Amino acid sequence: MSEEKKPLNFIEHIIEEDLKNGLDPKDLKFRFPPEPNGYLHIGHTKAIGISFGLGEKYKAPVNLRFDDTNPAKEEQEYVDAIKEDVSWLGYEWAEECYSSDYFQQLYDWAVLLIKQGKAYVDSQSSEAMAEQKGTPTQPGVDGPYRNRSVEENLDLFERMKKGEFNEGEHILRAKIDMQHPNMLMRDPLIYRILKKHHHRTANDWCIYPMYDWTHGESDYIEQITHSLCSLEFKPHRELYDWFLDQVVDANKIRPKQREFARLNLSYTIMSKRKLLKLVEEGVVSGWDDPRMPTISGLRRRGYTPSSIRKFVETVGVAKRENVIDVSLLEFCIREDLNKSAPRVMAVLNPLKVVITNYDADKEDWLEAENNQEDSQAGFRKVPFSNEIYIEKDDFKEEASDKFFRLKIGGEVRLKNAYIIKAESVVKDANGEITEVHCTYSEDTSKKVKGTLHWVSIKHAVKAEVREYDRLFNDEAPDSHNDKDFMEFINPNSLKIIEAFVEPSLADAEIGQQFQFQRLGYFNVDKDSKTGQLVFNKTVGLKDSWSKQKPKTEANQPKPQQKRPAIELIKQYGKKYDRLPDDKREAAKADIQELAKQISYEDLEPLFNTSVKKSGTRIITMISLGVLLNNGLEKNEAIHAFIEKALEDKNKLLVEEASAL
């Protein structure tokens, strides 16, 4: 039976079109270009999966290139961690490259630009340059140093390289067009002075190339055919191409930049700067804290490469930003570990059970199946004695008929063992139950509804169990303009428990994964030592998060589910520009009120709305105005959206864009 073919994503369509138009399949080449200024996180797995996945699909090489052009933030530690993460995910790179490998070539090309009159040294303050750059609606103006002679520019640039000037005293800029509609084309920076030690080139350089200059030229040097970036680089594509125009040889491969939507995850932050803050302020124990969304944190928590790759595959490749529910990631690891993780028994909140009719000196070693999902997993022996631990929540002195666990007078089956019946309890001075006395029956053919896990007390092994919850209480902790993301830290994201596990786990090795039956999936943490087991809870057996959300009382009617504000705003887009003036004004007021409830992440996907859908673009512009008034800073995507609107034929859209 032939394997079912998956539909092509839009990037694969681009590649297939290029192949039809004459690109030799042997020339295909991709790259993954991380900056070594932090650890990779779950968001990077999409970029990794796309580039390396294309390499696997087309049998093409994929380079791992470190964009190491900012020595102030980059360290060898991050380089090593990135290499470990990519390898752990199961990918192999063709060449290990560094932008710093190309510093001399980039410098030589910059000198060539100066000689051609296409670059100049600017000696203004950054504030003066920002003021002269203009706005999306107002063109920039030429600076006083823009027409320096080639000779003076060459002299200053050479002296910058020699270290004769202080940081910020001079920069090198491309000489393009200060009135260009795309602000990125208004004489962008090429080099700046940074007197910092570089992790690879030491102190050989004190000028460093900017990302936009380095990116495309590095792709060209490596002969990358398709340079794949996240959507925020879309406005940069024009500059990427301009820089390539200055250096490309018509007989060589010219890289093509194309953009895809980033992977955003609920209850998570993806900014390396903010993740670093969590580390530096001790909110977490380090970059590999199991609560962190870093690949090393996920690995330590017990996530598998296959589960993460499955997650990325399920999310797919999109052109528009969206937020993926973290429960999908948890579903993928459950599915994976269900097939592979051995089943064992552990008790996290122990209650002592004494089996009064079982000889105190007797013990049985009973057979237990390791994994019913894996026919090759085999069996193990678990010990049974007259004193065992069960979970406290599995016993109630008095309970209704719907409580199918242990209660006085009730029977339950012990997993892999006998049936027991609760007869009486022992309580302490505070009335707390300390022991449950039971009798057992060897007639295991009886039908009973409840089955409990347990461990024999005299054989049990003590272990530290670390139970993790989401690190943030808010679904989008860094989307609030008026609040710091640190305000949404979950104070109960880590719970440390002294647990008891069956003796088969005594020699468990770091990284091994298990299903603690009825509790969830756990793995052995790197803090474990001989005689001191430490387990991390990877994920529960079921999605318990939704159960924690407030529920309507059973005796009250369910209210109608409130639609998200962004969806209500979108409804106006279908008819806004066709409304009579009075109704349009009322609609605008309503949109502005609703916009107070949305985030930038809600709105940005609408920036790419088709030109034909002018109503949607207008309501997006109105909503954007509210966010900007509330403190949102303009980024390149916002600038590009406003610029495009100003060129539109729809007067209402131009009017709203002009106001911004």
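Along the sequence shown, the residues carry numbers beginning at 1. If you're wondering where the values come from, they're calculated on a predicted model, not measured in any experiment.
- Nearest heavy atom pair, residue D67 against residue E35, reads O-CG, 3.4 Å.
- Residues T304 and L337 form a side-chain contact, since some pair of their non-hydrogen atoms from C-beta on lies under 4.5 Å apart.
- The backbone N or O of E335 sits nowhere less than 3.5 Å from a side-chain atom of N338 that would complete a donor-acceptor pair.
- In this structure, K274 places its NZ atom where more than 12 heavy-atom neighbours from other residues, nucleotides or ligands lie under 6.0 Å away.
- Remark: the Y39 side chain and the D85 side chain contain no N/O donor-acceptor pair separated by less than 3.5 Å.
- Below 30°, between 30° and 60°, or above 60°: for Y211 and F233 the angle between ring planes is between 30° and 60°, a tilted geometry.
- Judged by distance alone, with hydrogens and angles left aside, the side-chain atoms of S266 form a donor-acceptor pair with the main-chain N or O of V326 at under 3.5 Å.
- Note: W287 and Y78 have perpendicular aromatic rings, judged against thresholds of 30 and 60 degrees for the angle between ring planes.
- Residue-environment remark: CG (D443) exceeds the threshold of 12 foreign heavy atoms within 6.0 Å.
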CA sep, side-chain torsions, deciding dist, call: K277, V283, side-chain contact (heavy atoms from CB on, under 4.5 Å): CA-CA 8 Å; K277 186 176 182 180; V283 175; over 6 Å; no
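- Ring geometry, F522 versus F516: the interplanar angle falls under 30°, so the pair is classed parallel (tilted spans 30 to 60°).
- I333 approaches G302 most closely through the heavy-atom pair CD1-O, 3.8 Å.
- The salt bridge (charged side-chain N to carboxylate O under 4.0 Å, His left out) test applied to E435 returns K352, not counting sequence neighbours.
- Between E502 and K415, none of the side-chain N atoms (NZ, or NE/NH1/NH2) sits under 4.0 Å from a carboxylate O, so this pair counts as no salt bridge.
- No donor-acceptor pair under 3.5 Å is formed between the side chain of D364 and the backbone N or O of L366.
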Worked check of salt bridge (Lys or Arg N to Asp or Glu O under 4.0 Å) between R518 and E391: CA-CA 10 Å; R518 300 179 65 232; E391 298 285 349; over 6 Å; no
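- Looking at heavy atoms from C-beta onward, I324 lies in side-chain contact with F311 at the 4.5 angstrom threshold.
- The closest side-chain heavy-atom distance from I388 to L414 is below 4.5 Å.
- Of all heavy-atom pairs spanning I82 and P34, the tightest one is CG2-CG, 3.8 Å.
- Without hydrogens or angle criteria, N357 side chain to Y440 main chain gives a donor-acceptor distance under 3.5 Å.
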Steps toward side chain to side chain donor-acceptor pair (under 3.5 Å) verdict (S327, D325): CA-CA 5 Å; S327 61; D325 197 315; 3.0 Å; yes
E411 and K446: CA distance, side-chain angles, deciding distance, salt bridge (Lys or Arg N to Asp or Glu O under 4.0 Å) verdict: CA-CA 10 Å; E411 290 183 311; K446 259 194 250 189; 3.0 Å; yes
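- At least one donor-acceptor pair closer than 3.5 Å links the side chain of H198 to the backbone N or O of R200.
- Exactly one of Q513, E330, R334, R301 qualifies for a side-chain contact (heavy atoms from CB on, under 4.5 Å) with Y521. That residue is R334.
- For the residue pair S100/D68, the side-chain donor-acceptor check at 3.5 Å is satisfied.
- Side chains of F331 and T314 form no contact here, defined as non-hydrogen atoms less than 4.5 Å apart.
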Intermediate values then yes/no, side-chain contact (heavy atoms from CB on, under 4.5 Å), K458 and E363: CA-CA 10 Å; K458 69 179 179 180; E363 62 181 49; 3.4 Å; yes
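- Although no hydrogens or angles enter the test, the distance criterion places no donor-acceptor pair under 3.5 Å between the side chain of N490 and the main chain of N473.
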Salt bridge (Lys or Arg N to Asp or Glu O under 4.0 Å) evaluation trace for R262 with E604: CA-CA 12 Å; R262 290 180 302 175; E604 197 205 27; 5.2 Å; no
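- Residues I496 and E464 meet the side-chain proximity criterion, which asks for heavy atoms closer than 4.5 Å.
- Within 6.0 Å of NZ in K462 there are 12 or fewer heavy atoms belonging to other residues, nucleotides or ligands.
- Proximity of a side-chain donor or acceptor of N371 to a complementary backbone N or O of K339 within less than 3.5 Å is detected.
- K196 NZ: more than 12 foreign heavy atoms inside a 6.0 Å radius.
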Test side chain to side chain donor-acceptor pair (under 3.5 Å) applied to S528 and D525, step by step: CA-CA 6 Å; S528 282; D525 186 74; over 6 Å; no
Audit row: S479, F485, side-chain contact (heavy atoms from CB on, under 4.5 Å) steps and yes/no: CA-CA 8 Å; S479 68; F485 76 100; over 6 Å; no
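- Of the N and O atoms on the side chains of E84 and S296, not one donor lies less than 3.5 Å from an acceptor on the other residue.
- The number of heavy atoms from other shown groups lying within 6.0 Å of CD (E367) is above 12.
- Taking all atoms of both residues into account, the shortest heavy-atom contact from P305 to W88 is CG-O, 3.1 Å.
- By the 30° and 60° cut-offs, the orientation of the rings of H459 relative to W365 is perpendicular.
- With ring centers used as reference points, F32 lies 6.0 Å or more from Y91.
- Taking each heavy atom of E369 and F379 in turn, the nearest pair found is CA-CD2, 3.5 Å.
- Heavy-atom neighbours of Q372 CD from other residues, nucleotides or ligands within 6.0 Å: above the threshold of 12.
- Between F260 and K46, the shortest heavy-atom distance links the atoms CD1-CE, 4.3 Å.
- Side-chain atoms of I390 and L406, non-hydrogen and from C-beta on, do get closer than 4.5 Å to each other.
- Put simply, the side chain of Q532 never gets that close to the backbone of K529: no donor and acceptor are under 3.5 Å apart.
- For the pair I489/L278, a side-chain contact is recorded, criterion being any heavy-atom separation below 4.5 Å from C-beta on.
- More than 12 heavy atoms of other residues, nucleotides or ligands shown are found within 6.0 angstrom of CD on E75.
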Salt bridge (Lys or Arg N to Asp or Glu O under 4.0 Å) assessment of K483 paired with D474: CA-CA 12 Å; K483 292 183 179 179; D474 189 84; over 6 Å; no
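- Of the possible polar contacts, one joining the T434 side chain to the V426 backbone as a donor-acceptor pair under 3.5 Å is found.
- Side-chain atoms of E74 and F66, non-hydrogen and from C-beta on, never get closer than 4.5 Å to each other.
- Side-chain atoms of R380 come within 3.5 Å of backbone atoms of R343 as a donor-acceptor pair (strictly under, hydrogens ignored).
- No more than 12 heavy atoms of other residues, nucleotides or ligands lie within 6.0 Å of CG in D401, so this atom counts as exposed by the packing criterion.
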Verdict with supporting geometry, I457 and Y389, side-chain contact (heavy atoms from CB on, under 4.5 Å): CA-CA 6 Å; I457 292 177; Y389 285 133; 3.7 Å; yes
